[in-house]
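Written below as structure tokens is the structure these notes are about.
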Amino acid sequence: MNINGIELKQIRENLWEIPQINGMRVPGRIYISREMLESTLSEDEALKQVMNVAHLPGIEKYSLAMPDIHWGYGFPIGGVAATNLDEGVISPGGVGYDINCGVRLATTSLTLEEIQPKLEPLITKLFQNIPTGVGASGAIKKLSKSDLKKILEKGSVWAVENNLGTQSDIQFTEESGTLKNADFSVVSERALERGADQAGTLGSGNHFLEVDVVEEIYEPKVAEVFGLFKGQVVIQIHTGSRGLGYQVCDDYLKVLLKASEKYGFKLPDKQLACAPIKSQEGQAYLAAMQAAANFAWNNRQVIMHLAKKSFLETFDMKESDLGFHLVYDVCHNIAKIEKHQIGNVIKEVCVHRKGATRAFPPGSEMIPEKYKSVGQPVLIPGDMGRYSYVAVGTEKAMEETFGSSCHGAGRNLSRHKAMKEAKGRDLVSELKKKGVIIQAKGYKTIAEEMPAAYKDVADVVDVMHKEGITRKVAKLKPVGVIKG
DNA sequence: ATGTCC
């Protein structure tokens, strides 16, 4: 098969390989259906980016991409690349501007019937309590420098210490909400300024807080372990590290661009700027990125606390009756030092996941005790009109994708095309007819994020399911959403 | 994604 001048070899029904040519150190591998490959990648630079990533020093096994692959800064979004710690590099392009962008899912004990009479006031309350949009601020008091330092070094543990969460919230957050080697001192003053009033804010674009109903259960036993039942009201929060993470990425792209020259790397794209993980520049970026990741976990934690408060106020309930529990919090834009089997040896590698979700298997030491019998919850949001999925990690993901899966639907229309498509329509009423109440800062975001702007997330999730990388556990249907 | 240009 030839796409956009790139020759692909079919390995399995939904797995394609780009052979190792020219300066590539490893082959490329893309998990995708033939249909999606032809329809979405024929005019896209993303496959070329999979090949470019394969040039990175120290890359192991494959330059990988998930079915929601699309063009990104340097690396494709939906890309996964692991580099070894000896000669391998770390690259901000492999993480993205929104460091530790991620999703969390929390349960309630309520059903749709129970919340329906007060659904509109609930969405209004959520919209009032959680600042949304570009430049949104002021969810909690402006942070002092010592509080910011604690957040960057302790992540969502800070929120729990400040009565904005529970011990259980920490337990059910990836990495327990803290990357321990994070270093406040390598984060610029400007990044700190941007973050000072942004803890507990949602942001813009595809970020959202959604009220969903569990519409379908595929694996009852796994769903039960995750605390999910059919008809249950749950919430999803999708956001990242806001201006602070953006600034960290921006600052270190400059540092690593210089480092790429210093270390004499010949890279096919400047946007792959990187440094050896062991180098001073690589270590500084890693520590700053981890600090931004901690900021993002704390951000999602504070937002979740405000959401819980909104539920309690709207339904005039006691906390003990609400059944509010965090199922899991996953990041999908991050580089992590993890142990993986490479050939016959277990090696420590730096796994770049850019628009890819960790998907660890049953028995993994890195997942909560409660989930060890079934595997890690993998949260895959779709668009605001259709549905989202909860899946579970597998051993095959460890063998083939460094324990990774897809992270969302991926765009179908550019923002510009979506705006054109939305012109003259009343998307708020259209969504209401579908049973979704929406409140957003501006109509522009609603238009750019309209359901038709996204691919069907079911197609994306099915690729990973059919290839055995993650298995479907539950489908969630949106009933209310707030956006920037 | 992003105080959508320091």
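Lettering follows sequence order; numbering is per chain, from 1. In this text the structure is predicted, and so the values were computed from the model without any measurement.
With rounding to whole Å, A/Ile77 atom CD1 is found 13 Å from B/dT2 atom C1'. Atom CG in A/Asp98 sits roughly 15 Å away from atom P in B/dT4 (whole-Å rounding). One interatomic measurement links the two molecules: CG of A/Leu202 to C1' of B/dT2, which rounds to 14 Å at whole-angstrom precision. Atom CG of A/Asp251 is separated from atom P of B/dC6 by 11 Å (rounded to the nearest Å). What separates CZ of A/Arg190 from P of B/dT2 is a distance of 15 Å, to the nearest Å. Atom CD of A/Gln247 is separated from atom P of B/dT4 by 11 Å (rounded to the nearest Å). Regarding A/Leu253, its CG atom lies at a distance of 16 Å from the P atom of B/dT2, rounded to whole Å. Between the CD atom of A/Glu448 and the P atom of B/dT2 there is a distance of 13 Å, rounded to whole Å.
Geometrically, A/Lys354 does not engage A/Phe75 in a cation-pi contact, judged by NZ or CZ lying under 6.0 Å from the ring centre and within 45° of the ring axis.
The existence of a salt bridge linking A/Glu153 and A/Lys180 is excluded, since no basic side-chain nitrogen approaches an acidic carboxylate oxygen closer than 4.0 Å. The pair A/Glu281-A/Lys262 meets the salt-bridge criterion, since a charged nitrogen lies less than 4.0 angstrom from a carboxylate oxygen.
In this structure A/Lys432 satisfies the salt bridge (charged side-chain N to carboxylate O under 4.0 Å, His left out) test together with A/Glu120, sequence neighbours excluded.
When heavy atoms are screened at a 4.0 angstrom cut-off, A/Gly240 is found touching no nucleic acid atom at all. Counting non-hydrogen atoms under 4.0 angstrom, A/Ser204 reaches the backbone sugars and phosphates but no base.
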